[in-house]
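Scroll down for the structure; my scribbles are underneath it.
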Amino acid sequence: MTASDDRVVVVGGGMAGHRLAQQLARPGGREVLLLAEEEHRPYNRVLLAEVLAGRYAPEVAELAELPAAVERRRARVVRIDREQRRVLCDDGSELGYGDLVLATGSNPLLPPLRGLFDDSLAGRERHELPAGVFAFRTMADCADIDARLPVVRQAVVVGGGLLGVSAARALAARGLPVVLAHQGEHLMERHLDPEAAELLRAHLTELGVEVHTECRVRSVLTADRAVTGVELADGFRLDAELLVIAVGVRPRTGLAQAAGLAVRRGVLVDDRLRTEDPHVFALGDCAEHDGTVYGLAGPAFEQADALAQVLTGRPAAYRGSRLLTRLTLAAAPGRGPLDIAAFGVTEPSPEDRVVRLADAARGSYRKVIVRTDPAGGDRLVGGVLLGDLDTVGGLAHTWEGDEALLTHPLHLLTTRSTTPGGPSR
């Protein structure tokens, strides 16, 4: 038996891998080797927008130090040898494992925009982004964008989801004119309904962000491989010395696929976060459980906690996550900050009941969706809230517990709560 036979090798030093290593290093845990590609110390990705906005120094976003029992090494794994139970790294090293955990995260999606890549180049250079074009995903992206700002007169953000909205308001906080171009009908359509999205749009406008929905960017304009602007589908051109692309992410599954593991959108795992190989597991952005790839911090932490128990021989199972997304936008002139929360179903089915409270003048909007179960009881299945979120804790508690409602839904929307609202993003 070699020293590596009982070792857990974690591939990926992001939030999911870091959390798992912390849990495994507790008394009664296992030897852990964490392999991380990024040069930065591990950090909370949820806080990247605050770093970009200049509100937090990068150090504030750093995660807690790993216990001394965890060996953390900067290395990129290029191949998994499942038969010999080892991983091969780009520096030529070969590392054995007892169990292997893939926490490889995700890569930003880059849409097929004309001019984004230079087909006249060869090799890796062909796939390099023009100067001034960034996929806002890492701490390195924040540093590179920050270094670019002195030459930027206008920025364009492509994508109006959670990440695009966060990037746009962060750049506006730096004093830049920002144009947000979103192909969808309304902002954050995965989380918000049209009414809530309109309030969000108004708030962003007050922050200095020019918002265009149903707007498709088709080309990136460059000079000497530096961005000068974008061209829209209708032929209109926008000048820009900074272009941020935030249209989504794709799970990093290449290692698993090359090793012969089952992959759909993500690496397929069961309720023990285990792949078809009993010694290979996956969690976080790269994992697909019961048909779902979550791509959010909350589920990644829940998976890490469950997997730590599995890997230390304790009974545990991961049954999926219930998602509550929260976002706070900076105060606009004459207004306070805008808080957003969304959970569960945001668009009702025909048999659902919807209760709304809205105050456009105050920028407040609350909606809950109630569904009658087969036994005749009412249950909260989703909600969207903007503005004063003093009710979100109680709503989230009721929803997460899948409890039967004992009062009219309107009471839930008007009762202040001291219950924590849960993790953001």
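Bear in mind the structure is a predicted one, so any value in this text is a computation, not a measurement.
- Here the side chain of Y365 pairs no donor or acceptor atom with the backbone of L199 at under 3.5 angstrom.
- Distance alone, capped at 3.5 Å, is enough to place a donor-acceptor pair between the E288 side chain and the R265 backbone.
- Using a 4.0 Å cut-off between charged side-chain N and carboxylate O, E128 and R225 make no salt bridge.
- Applying the salt bridge (charged side-chain N to carboxylate O under 4.0 Å, His left out) test between R274 and each of D277, D271, D270 identifies D270 as the sole match.
- Remark: N44 CG to E62 CD distance equals 11.5 Å, nearest 0.5 Å.
- Panel note: side chain R7, backbone G96; a donor-acceptor pair is recorded below 3.5 Å.
- Between R272 and D99, none of the side-chain N atoms (NZ, or NE/NH1/NH2) sits under 4.0 Å from a carboxylate O, so this pair counts as no salt bridge.
- With rounding to the nearest 0.5 angstrom, the CD1 atom of I340 is 4.5 Å from the CG atom of L200.
- Proximity of S106 to R137: side-chain heavy atoms (C-beta onward) are separated by under 4.5 Å at one or more points.
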Query raised in the report: salt bridge (charged side-chain N to carboxylate O under 4.0 Å, His left out) between R19 and D305: does it pass, once the steps are laid out?
Result: CA-CA 8 Å; R19 173 75 164 229; D305 293 349; 2.9 Å; yes
Query - side-chain hydrogen bond (donor to acceptor under 3.5 Å, both in side chains) assessment of E38 paired with Y43 - result: CA-CA 10 Å; E38 288 192 59; Y43 55 88; 2.7 Å; yes
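- Note that CG of D285 and CZ of R252 are 11.0 Å apart. Values are rounded to the nearest 0.5 Å.
- Under the 4.5 Å side-chain criterion, counting only non-hydrogen atoms from C-beta, L283 is not in contact with V269.
- When atom types are taken as modelled, the side chain of R148 and the backbone of E241 share a donor-acceptor pair closer than 3.5 angstrom.
- Residues that satisfy the salt bridge (Lys or Arg N to Asp or Glu O under 4.0 Å) test with D193, not counting sequence neighbours, are K367.
- No side-chain heavy atom of P111 sits less than 4.5 Å from a side-chain heavy atom of Q183.
- A donor-acceptor pair under 3.5 Å is formed between the side chain of R74 and the backbone N or O of E37.
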Query - R201 and T213: CA distance, side-chain angles, deciding distance, side-chain hydrogen bond (donor to acceptor under 3.5 Å, both in side chains) verdict - result: CA-CA 10 Å; R201 178 180 189 144; T213 53; 3.1 Å; yes
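- In this structure, the separation between CG on L52 and CG on L47 is 12.5 Å, given to the nearest 0.5 Å.
- Surrounding CG of D91 are more than 12 heavy atoms belonging to other residues, nucleotides or ligands, all under 6.0 Å away.
- The backbone N or O of D239 lies less than 3.5 Å from a partner atom in the side chain of Q154, making a donor-acceptor pair.
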Query raised in the report: Which is it for L273 and V101 under the side-chain contact (heavy atoms from CB on, under 4.5 Å) test, yes or no, and what are the steps along the way?
Result: CA-CA 9 Å; L273 285 309; V101 179; over 6 Å; no
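- A salt bridge between R41 and E59 is absent, with no side-chain N of the basic residue lying under 4.0 Å from a carboxylate O of the acidic one.
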Report task. Would you check, one step at a time, whether the test side-chain contact (heavy atoms from CB on, under 4.5 Å) holds for D378 with R353? Result -> CA-CA 10 Å; D378 287 340; R353 286 189 294 140; 2.4 Å; yes
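- The environment of CD in E185 is sparse: at most 12 heavy-atom neighbours from other residues, nucleotides or ligands sit within 6.0 Å.
- Closest non-hydrogen pair, Q22 versus A64, comes out as NE2-CB, 4.0 Å.
- Between the side chain of H182 and the backbone N or O of H186, at least one donor-acceptor pair lies under 3.5 Å.
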**Report entry** Stepwise side-chain contact (heavy atoms from CB on, under 4.5 Å) test for V227 and V156
**Finding:** CA-CA 11 Å; V227 65; V156 171; over 6 Å; no
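- By the 6.0 Å contact criterion, CZ on R55 is enclosed, its count of non-hydrogen atoms from other residues, nucleotides or ligands being greater than 12.
- The backbone N or O of E231 sits nowhere less than 3.5 Å from a side-chain atom of S219 that would complete a donor-acceptor pair.
- The aromatic rings of F343 and W399 lie tilted to each other, with the angle between the two planes from 30° to 60°.
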Query raised in the report: Where do R73 and L95 land on the side-chain contact (heavy atoms from CB on, under 4.5 Å) test, with the steps shown first?
Result: CA-CA 11 Å; R73 186 183 305 181; L95 305 168; 3.2 Å; yes
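- Considering all non-hydrogen atoms of both residues, L171 and A155 come closest at CD1-CB, 4.1 Å.
- Rounding to the nearest 0.5 angstrom, the gap separating the CG atom in L386 from the CD atom in E195 is 11.0 Å.
- The shortest distance between side-chain heavy atoms of V230 and L113 does not fall below 4.5 Å.
- At a threshold of 4.5 Å between non-hydrogen side-chain atoms, the residues L66 and V32 do not count as touching.
- Judged as a ring-ring contact (aromatic ring centres under 6.0 Å, His included), not a single pair has a partner in residues 134-165 (not counting sequence neighbours).
- Put simply, the residue from V179, L176, L180 that forms a side chain to side chain contact (heavy atoms under 4.5 Å, CB included) with V209 is L180.
- At a threshold of 4.5 Å between non-hydrogen side-chain atoms, the residues M15 and H18 do not count as touching.
- Residues P251 and C286 share a closest heavy-atom pair of CB-CA, 3.9 Å.
- The shortest non-hydrogen separation linking H289 to G320 is CE1-N, 3.8 Å.
- Minimum heavy-atom separation, V178 to A172: CG2-N, 3.7 Å.
- With R218 contributing its side chain and A233 its backbone, the two residues share a donor-acceptor pair below 3.5 Å.
- Residues L327 and S166 are in side-chain contact: their nearest non-hydrogen atoms beyond the backbone lie under 4.5 Å apart.
- D146 places none of its side-chain heavy atoms less than 4.5 Å from the side chain of V51.
- Contact between L323 and P299 at its shortest, heavy atoms only, is CD2-CG, 3.1 Å.
- Checked by atom type and distance alone, the side chain of T275 pairs as donor or acceptor with a backbone atom of V280 at under 3.5 Å.
- Note that OG of S93 and CZ of R86 are 11.5 Å apart. Values are rounded to the nearest 0.5 Å.
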